[in-house]
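Just below is one structure, and these are the notes that go with it.
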Amino acid sequence: MNNLIIKNAAQVVTCSGFEGKSGAEMSNLNVIEKGTVIVTDGIISHVLKEGEAIPVNSSDYKEIDATGKALLPGFVDPHTHFVFGGHREEEFSWRMRGDSYMSIMERGGGIVNTTKATRAASEEELYISAKKRLDDMLKLGITTTEGKSGYGLDRETELKQLRVMRRLNQDHPIDIVSTFMGPHATPAEWKGREDEFIDFNINEMLPLVAKEKLAECADIFCEENVFTLEQSRRFLIAARDHGLLLKIHADEIVQFGGSELAAELKVLSADHLLQASDQGIKAMAISGVVATLLPLTAFSLREEYARGREMIDANCIVALATDLNPGSSFSASVPLLFALACIYMNLSPEEAVTAYTINSAAAINRADTVGSIDVGKQGDMILLQYPSYKFLPYYVGMNCVETVIKRGEIIKN
Ligand code: NIG
Ligand code: FE
């Protein structure tokens, strides 16, 4: 029985809402000063203002005195690749020397490099290393995350990655939303036969993934020299036919029309978007696509940041994610994510908090259950060691999260 009263928080930053927020709405965090939140049986049952009487029998509840601390919804990370074998520290050195991410990929490094190590790893090895990454994420306040396959690029290894996520979803406090990303890159055995590799993903993989309910979403790396717009369209439409929700890695390295395609297909979220065109931004705003921005990737690749400010001004629903992966962003640093989003993408602290709570929940179809402190939602919350959410980007690169609460249970204290 997870019953908890969190009393007298300097701020209850509710982020209240049950769907993604666009444009100016992103600035409203609906903060209650000196508020109290009650979780009954793991679900938020009361959100009280200062002075309101506690309407439950306190002796059935654990209590936290949150005086001087801000209470927020647990963070939701809507884009990670946290299950993988091996590392790519050599490639990092090459990039620092001037090699580009794509040139490393074209000479057999990058995603395909991680594919070798992921194929060679046992399911148990993948489970253990991925679990450690989740432990680190939890300490930073992430209580729900998305995770992608896409380092197998063959039947067995893609399924192995998805099974690891399914097991971790059961065993670990963090909730996991799984995404099938078979077309993440073309492995050596399919090189030059990209259309056939897409056929393999459509005809063999999607039916398996859907039948075994191994993923809720499907994703593809739509990029010059990776998968074309037409291949992406074909794969995503087939995925939708199998009942999967759609995501797309779009306009990351070059302007390629990925955001326009995202709008055309009304996908759930389009991610990266460093090079999204004005047209693409407008189209995403109109079609309600969540624009998921990954500033740790731009930082790690020394690329220009996505135009977050302009996207919000164009009325997009903007979300943030870490993109944790062994190549382009080997980091789940939530503190740095907030700092970069505010300092380099010109989001206000309020917009950044919305982007990593209710909007990121919307990017993985969870805005009805997590991402805000609202009655009826899961009791997933974090307490900061400071009295205001404004410390999140301001305490640069440092972890403000003192307590993590998952379904009303105190996990980190
Ligand atoms: O989101 N861009 C494609 N996929 C990942 C990187 C994967 C990797 O380099 O291993 C991304 O950045
Ligand atoms: Fe990614």
Side-chain angles (χ1 to χ4, degrees), residues 77-92 94-95 99-119 121 126 129-130 133 145-153 157-158 161 165 177-187 215 217-227 232 235 246-254 256 258-259 262 267-276 290-306 319-332 337 360 363-364:
D77 199 309
H79 182 143
T80 82
H81 308 247
F82 76 94
V83 181
F84 57 83
H87 292 96
R88 310 211 308 258
E89 68 282 7
E90 272 318 313
E91 294 182 9
F92 180 84
W94 298 340
R95 286 208 311 275
D99 291 354
S100 71
Y101 177 77
M102 285 314 270
S103 73
I104 294 171
M105 185 165 174
E106 275 150 27
R107 60 177 201 251
I111 294 166
V112 169
N113 185 353
T114 296
T115 297
K116 284 188 201 125
T118 307
R119 287 180 181 178
L126 289 181
S129 59
R133 290 176 203 124
T145 190
E146 186 255 15
K148 301 177 199 295
S149 72
Y151 289 126
L153 311 179
T157 320
E158 286 293 308
Q161 273 191 282
M165 284 191 266
V177 174
S178 296
T179 296
F180 169 62
M181 197 175 179
H184 192 194
T186 305
C217 313
D219 197 346
I220 183 163
F221 191 7
C222 176
E223 186 71 46
E224 189 174 63
N225 297 328
V226 188
F227 295 108
S232 305
F235 171 73
L246 308 186
K247 293 180 162 286
I248 181 168
H249 282 57
D251 295 325
E252 179 181 357
I253 312 286
V254 300
F256 200 57
S259 20
V267 301
L268 188 57
S269 83
D271 299 32
H272 285 289
L273 305 173
L274 275 60
Q275 306 293 339
V290 180
T292 299
L293 309 183
L294 317 170
L296 291 167
T297 312
F299 176 70
S300 304
L301 297 182
R302 284 200 195 123
E303 297 282 350
E304 289 288 318
Y305 292 84
L320 288 167
T322 61
D323 194 20
L324 170 62
N325 75 72
S328 63
S329 170
F330 187 43
S331 177
L337 172 79
S360 48
I364 50 172

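Please read these numbers as outputs of a predicted model, since none were measured by experiment. Every number for a ligand or one of its atoms is a count from 1 in the order of the listing. In what follows, every heavy atom counts, from backbone to side chain, and hydrogens, waters and symmetry copies are set aside.
- Without hydrogens or angle criteria, Arg95 side chain to Ser100 main chain gives no donor-acceptor distance under 3.5 Å.
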What donor-acceptor contacts under 3.5 angstrom involve side-chain atoms of residues 267-274, with partners at least two apart or in another chain?
{"from": "Ser269", "atom 1": "OG", "to": "Lys247", "atom 2": "NZ", "distance (Å)": "3.0"}
{"from": "Ser269", "atom 1": "OG", "to": "Asp271", "atom 2": "OD1", "distance (Å)": "2.8"}
{"from": "Asp271", "atom 1": "OD2", "to": "His79", "atom 2": "ND1", "distance (Å)": "2.8"}
{"from": "His272", "atom 1": "NE2", "to": "Glu252", "atom 2": "OE1", "distance (Å)": "3.4"}

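- The minimum heavy-atom distance between Ile220 and Ser232, with the atom names listed, is CD1-CA, 3.7 Å.
- The angle that His249 NE2 and His81 NE2 make at the Fe ion (ligand 2), rounded to 10°, works out to 110°.
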Could you pull out every donor-acceptor pair under 3.5 Å between side chains of residues 294-304 and any protein atom, sequence neighbours left out?
{"from": "Thr297", "atom 1": "OG1", "to": "Asp323", "atom 2": "OD2", "distance (Å)": "2.8"}
{"from": "Ser300", "atom 1": "OG", "to": "Leu296", "atom 2": "O", "distance (Å)": "2.7"}

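- Nearest to the Fe ion (ligand 2), among the N, O or S atoms that Asp323 has, is OD1.
- Here the rule is side-chain hydrogen bond (donor to acceptor under 3.5 Å, both in side chains) with Asn113, and of His87, Glu91, Glu90, Arg88 only Glu91 fits it.
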Could you walk me through whether His184 and Asp219 pass side-chain contact (heavy atoms from CB on, under 4.5 Å), step by step? CA-CA 8 Å; His184 192 194; Asp219 197 346; over 6 Å; no

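- Near ligand 1, residues His79, His81, Arg88, Tyr101, Ile111, Tyr151, His184, Phe221, His249, Glu252, His272, Asp323, Asn325, Gly327, Ser328 come within 4.0 angstrom through at least one heavy atom.
- Tyr305 pairs by the ring-ring contact (aromatic ring centres under 6.0 Å, His included) definition with Tyr344, not counting sequence neighbours.
- Because the distance cut-off is set at 2.8 Å, His79 qualifies as a neighbour of the Fe ion (ligand 2) through one of its N, O or S atoms.
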